[in-house]
Amino acid sequence: MPPRRKLPATALPEGDAAVAAICAVIRRIPKGWVATYGQVATMAGLPRRARLVGYVLRHLDPAIQIPWHRVVNAKGEVSYTLSRNGGDDEQRRLLEEEGILFNVGDRFALERYRWLD
DNA sequence: CTAATGACGAACT
DNA sequence: AAGTTCGCCATTA
């Protein structure tokens, strides 16, 4: 069986190693805590590659077991995108389920929930 | 080959 | 505080 992902065959210059590194970091985010896209990228050895993290998460096989919902943007909110067809609401639900409180601006106190290695 | 498009983010205005 | 601009870079048009 090939890797459980949906990336095109000619994916990244860094290859599967980059995808694996990103997933490895995300898997270490503790329950009830979050990490930003940029933070995950840096921790995976890919500084300034936040968009790549978003790209990988976007194309990840839904069946793969990974706490993808714990990855948020630097403003302390879930990145809402039309193309996600409600998947963003699901992310918020999962985070609230883990005890993260959202305020009226669809945001939460990032400084309070950010996972520091 | 060029241009636009992002699950992004920092710096400006 | 909120909107804009620019850097980022793989993918898509």
Side-chain angles (χ1 to χ4, degrees):
Chain A
M1 286 282 282
R4 297 194 295 276
R5 63 190 178 81
K6 286 181 176 174
L7 298 178
T10 58
L12 318 163
E14 297 90 343
D16 290 343
V19 176
I22 288 171
C23 290
V25 170
I26 295 175
R27 264 187 280 262
R28 293 180 51 215
I29 306 173
K31 180 182 176 186
W33 296 80
V34 300
T36 66
Y37 293 90
Q39 181 183 350
V40 170
T42 297
M43 292 175 79
L46 301 162
R48 290 178 296 287
R49 304 294 297 282
R51 304 193 82 135
L52 180 60
V53 175
Y55 173 83
V56 170
L57 250 39
R58 171 105 163 81
H59 294 84
L60 214 46
D61 188 314
I64 193 174
Q65 276 199 301
I66 188 173
W68 55 272
H69 59 283
R70 298 184 189 141
V71 183
V72 300
N73 67 32
K75 299 194 297 260
E77 58 186 18
V78 314
S79 287
Y80 286 93
T81 302
L82 307 172
S83 62
R84 267 219 283 177
N85 225 271
D88 32 23
D89 293 320
E90 165 75 350
Q91 176 171 11
R92 173 171 178 156
R93 189 184 66 70
L94 289 168
L95 289 176
E96 291 180 315
E97 206 170 81
E98 296 187 352
I100 291 176
L101 273 13
F102 283 73
N103 64 34
V104 286
D106 285 321
R107 291 191 184 177
F108 57 85
L110 177 60
E111 66 277 9
R112 192 164 102 198
Y113 300 109
R114 188 201 281 268
W115 168 52
L116 303 173
D117 192 27

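Convention: sequence-line order gives letters A, B, ...; per-chain numbering from 1.
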#### Entry: A:Asp89 with A:Arg84: basic N within carboxylate O range, under 4.0 Å
no
#### Entry: Under 4.0 Å protein heavy-atom contacts per nucleotide of nucleotides 1-7 of chain C, with B for base, S for backbone only and - for none
------B
### Task
Identify whether NZ of Lys or CZ of Arg in A:Arg51 sits under 6.0 Å from the centre of the six-membered ring of A:Tyr37 and within 45° of that ring's axis.
no
### Message
Rounded to whole Å, how long is the line connecting atom CG of A:Leu60 with atom C1' of C:dA10?
### Response
16 Å
### salt_bridge(A:Glu90, A:Arg93) N-O dist < 4.0 Å
yes
### Task
Let me know the distance between OH of A:Tyr55 and C1' of B:dG9, rounded to the nearest Å.
20 Å
With the criterion being N/O to N/O and under 3.5 Å, what pairs connect the protein with nucleotides 11-13 of chain B, and how long is each?
none

#### Entry: Value in whole Å for how far the P atom of B:dC8 lies from CD of A:Gln39
15 Å
### Message
Nearest to the A:Ser79 side chain among B:dG9, C:dT11, B:dC8, which nucleotide is it?
### Response
B:dC8
### Query
How long is the line joining CZ of A:Arg114 and C1' of B:dG9, in whole Å?
11 Å
### Query
Expressed in whole Å, how much space separates the P atoms belonging to C:dA2 and B:dA7?
22 Å
### Task
Please determine if a side-chain N or O atom of A:Thr36 lies less than 4.0 Å away from the OP1 or OP2 oxygen of B:dC8.
no
### Query
Would A:Val71 end up clustered with A:Tyr55 when hydrophobic side chains under 4.5 Å apart are linked, directly or stepwise?
yes
### Message
From CZ of A:Arg84 over to C1' of B:dC8, roughly how many Å is that when rounded to an integer?
### Response
13 Å
## Note on the structure
Separation between CD1 (A:Ile22) and CZ (A:Arg49), nearest 0.5 Å, reads 8.0 Å
### Query
Could you give the distance from CD1 (A:Ile66) to CG (A:Asp61), rounded to the nearest 0.5 Å?
11.5 Å
### Message
Can you identify which nucleotide, out of B:dA7, B:dG9, C:dT11, has its nearest atom closest to the A:Arg58 side chain?
### Response
B:dA7
### Query
Does OP1 or OP2 of B:dG6 have a side-chain N or O of A:Ser83 closer than 4.0 Å?
no
### Summary
Rounded to the nearest 0.5 angstrom, the CD1-CZ distance for A:Ile29 and A:Arg114 is 11.0 Å
### Query
Who are the side-chain hydrogen bond (donor to acceptor under 3.5 Å, both in side chains) partners of A:Thr36, not counting sequence neighbours?
none
### Query
Which nucleotide in the list B:dA7, C:dA10, B:dG9 gets nearest to the side chain of A:Arg49?
C:dA10
### Query
Within a reach of under 6.0 Å around CZ of A:Arg48, are more than 12 heavy atoms found that belong to other residues, nucleotides or ligands?
no
## Note on the structure
Rounded to whole Å, the CG-P distance (A:Asp88 to B:dA7) equals 10 Å
### Query
For the pair made of CD in A:Glu77 and C1' in B:dG9, what is the distance, rounded to whole Å?
12 Å
#### Entry: Heavy-atom side-chain proximity of A:His69 to A:Arg92 below 4.5 angstrom
no
## Note on the structure
Taken to the nearest whole Å, OH/A:Tyr80 to P/B:dC8 is 13 Å
### Query
For the side chain of A:Tyr37 and the base of B:dA7, is some donor closer than 3.5 Å to an acceptor across the two?
yes
